[in-house]
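Everything on this sheet refers to the single structure shown next.
Counting begins at 1 with the first residue of the sequence.
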Amino acid sequence: MIQLGELKRLEPRQVWADEARDFTPWMAQNLTRLGETLGMDLELTSREAAVGDFCCDLLARDLATHRIVIIENQFGATNHDHLGKILTYAAGLEAEAVVWVAEKIREEHRQTLEWLNRHTDAAIRFFGVTVEILQIDTSPPAVNFKPVVFPNEWQRAARESVEGTSARGEAYRQYFQILLDELREKHRFTNARVGLPQSWYTFRSGVPGVDYGTSFALGGRARAEIYIDFGDAETNKNFFDRLHGQRELLEQSFGEPLSWERLDERRASRVAVYCSGSIDANADELTRVRVWAVDRLLKFRSVFGPKIREEAQRA
């Protein structure tokens, strides 16, 4: 006989004693888990972002789209107080996605969020997510996020792309859709699910201020890169210089020369690699570029990832 364990549901307060002091900091450090549920590459911007006399729990951005995301969490069931707050935060922070996390989404609040999704334009999305804590026998507790209100982002985005963009924009969307699916499903490189009619995508490195990216650049070239922007030019240049000081070792590990672009005339800096490629190419050529881009993004993560974390700790 196979012996099965007993699945139990715990109260969040059995894991986090206090919502503000314990649960919110845990959420800030584990946005990837929430992002997996929402299909977003979430990177924390700030905790307790001020809006007038109030503070939004978490302010983040979705790297794939650069959307501003606000996250408000609460123990217990949703209430009118928090509903008013998320609308205030959305307006004050010009959010493009609003995520309301609670133990229970009350029916009237579920209907309100769905009404907002139906009656607001494509500039903003509303999510209602419940959090549950599961345990098997005496195992460590596990967190499970369950979407209750989840706008059909993927079909809507694809439809808007087909109906509202040029043929070139649709070519970008199709190209990046395949690339994102491969990076997500085969390599767990991103949580992003929707290709958009844009010439670039960026991905989380694990260090806020440093992103991986791939794009179609000027001059008929495709690019894979590490993009450095902590919001301050001096910080960016110092970080770039420390990586550049290890150029020989990094290029040897990467397996090919890299383009070290300090970009002194701009705030940010980048380390990049290029190949020939244009979105106007035929299907076989685009497949070649996509295979190349995936390979270089994975190399950047494996070669530069440890160095990025190491240098960020030193900063």
Is there a donor in the side chain of Asn79 and an acceptor in the side chain of His82, or the other way round, less than 3.5 Å apart? yes
Are Asp211 and Ser205 close enough that a side-chain donor and a side-chain acceptor fall under 3.5 Å? no
Count I, L, V, M, F, W, Y as connected when their side-chain heavy atoms are under 4.5 Å apart, and connections chain through other members. Are Leu297 and Tyr172 then in the same cluster? yes
Strictly by modelled atom types, are Asn191 and Thr32 linked by a side-chain donor-acceptor pair under 3.5 Å? no
With a 4.5 Å heavy-atom cut-off, do Arg221 and Cys275 have their side chains touching? no
Using a strict threshold of under 4.0 Å (side-chain N to carboxylate O), is an ion pair present between Glu72 and Lys85? no
Hydrophobic cluster membership, Val98 vs Trp115, 4.5 Å side-chain cutoff: yes
May I ask you to decide if Glu11's main-chain N or O and Gln14's side chain share a donor-acceptor pair within less than 3.5 Å? yes
Counting C-beta onward and ignoring hydrogens, is there a side-chain heavy-atom pair between Asn73 and Glu19 closer than 4.5 Å? yes
Just one of Ile228, Asp232, Leu263 clears the side-chain contact (heavy atoms from CB on, under 4.5 Å) bar with Lys237, so which one? Leu263
Quiz item: cation-pi between Arg270 and Tyr227, 6.0 Å / 45°: no
Do the side chains of Glu256 and Arg296 get close enough for a salt bridge, i.e. N-O under 4.0 angstrom? yes
Quick one: do Gln246 and Glu311 satisfy side chain to side chain donor-acceptor pair (under 3.5 Å)? Show the steps, please. CA-CA 11 Å; Gln246 306 171 66; Glu311 293 300 334; 3.1 Å; yes
Is the CD atom of Glu265 crowded by more than 12 outside heavy atoms at less than 6.0 Å? yes
Note, Phe127 side chain near Phe150 side chain (heavy atom, < 4.5 Å): yes
Taking only Lys NZ, Arg NE, NH1 and NH2, and the carboxylate oxygens of Asp or Glu, determine whether Arg33 and Glu36 approach each other closer than 4.0 Å. no
When you look at Arg288 and Asp284, which way does the salt bridge (Lys or Arg N to Asp or Glu O under 4.0 Å) test go after all the steps? CA-CA 6 Å; Arg288 176 190 64 79; Asp284 289 342; over 6 Å; no
Is Glu103 reaching over with its side chain to a backbone N or O of Gly76, donor-acceptor style, under 3.5 angstrom? yes
Is it the case that over 12 heavy atoms from other parts of the model lie below 6.0 angstrom from the CD atom of Gln252? no
Between Asn117 and Phe126, is there a donor-acceptor pair closer than 3.5 Å when you use the side chain of the first and the backbone of the second? yes
Identified side-chain hydrogen bond (donor to acceptor under 3.5 Å, both in side chains) counterpart of Arg267 within the set Thr235, Asn236, Asp229: Asp229
Looking at Asp241 and Arg262, is any side-chain nitrogen of the basic one under 4.0 Å from a carboxylate oxygen of the acidic one? yes
Could you check whether the rings of Phe254 and Phe304 sit parallel, tilted or perpendicular, using 30° and 60° as the cut-offs? perpendicular
Could you tell me which non-hydrogen atom of Cys55 sits nearest to which non-hydrogen atom of Glu48, and how far apart they are? CB-OE1, 3.3 Å
Check each of Asp57, Val101, Asp22 against Met27 using the side-chain contact (heavy atoms from CB on, under 4.5 Å) test, and report the only one that passes. Val101
Count the heavy atoms belonging to other residues, nucleotides or ligands that lie under 6.0 Å from NZ of Lys8, then report whether that count exceeds 12. yes
Determine yes or no for a side-chain-to-main-chain donor-acceptor pair under 3.5 angstrom, with Glu96 supplying the side chain and Ile68 the backbone. yes
Ring geometry between Trp16 and Trp26 (parallel below 30°, tilted from 30 to 60°, perpendicular above 60°): tilted
Does Glu234 CD have over 12 foreign heavy atoms under 6.0 Å away? no
Between Phe300 and Tyr212, how do the two ring planes meet: parallel, tilted or perpendicular, split at 30° and 60°? parallel
According to the interplanar angle, ranging from 0 to 90°, do the rings of His80 and His109 count as parallel (below 30°), tilted (30 to 60°) or perpendicular (above 60°)? perpendicular
Got a sec: does the NZ of Lys104 have more than 12 other heavy atoms crowding it under 6.0 Å? no
Can you confirm whether Arg67 sits close enough to Arg61 that some side-chain heavy atom of one is under 4.5 Å from a side-chain heavy atom of the other? no
In the structure I gave you, are the side-chain heavy atoms of Leu44 and Arg47 within less than 4.5 Å of one another anywhere? yes
Note, Lys146 side chain near Val129 side chain (heavy atom, < 4.5 Å): no
Is it the case that atom CD in Glu108 sees more than 12 heavy atoms from other parts of the structure closer than 6.0 Å? yes
Going through the distances and angles, do Arg193 and Asp181 end up as a salt bridge (Lys or Arg N to Asp or Glu O under 4.0 Å)? CA-CA 7 Å; Arg193 294 178 180 274; Asp181 289 344; over 6 Å; no
More than 12 heavy atoms from other groups under 6.0 Å of CD on Gln111: yes
Under 3.5 Å, side chain of Gln198 to main-chain N/O of Trp200, donor-acceptor pair present? yes
SB check Arg314 Glu310 (cutoff 4.0 Å): no
Would you please classify the geometry between the Tyr201 ring and the Phe176 ring as parallel, tilted or perpendicular, with 30° and 60° separating the classes? tilted
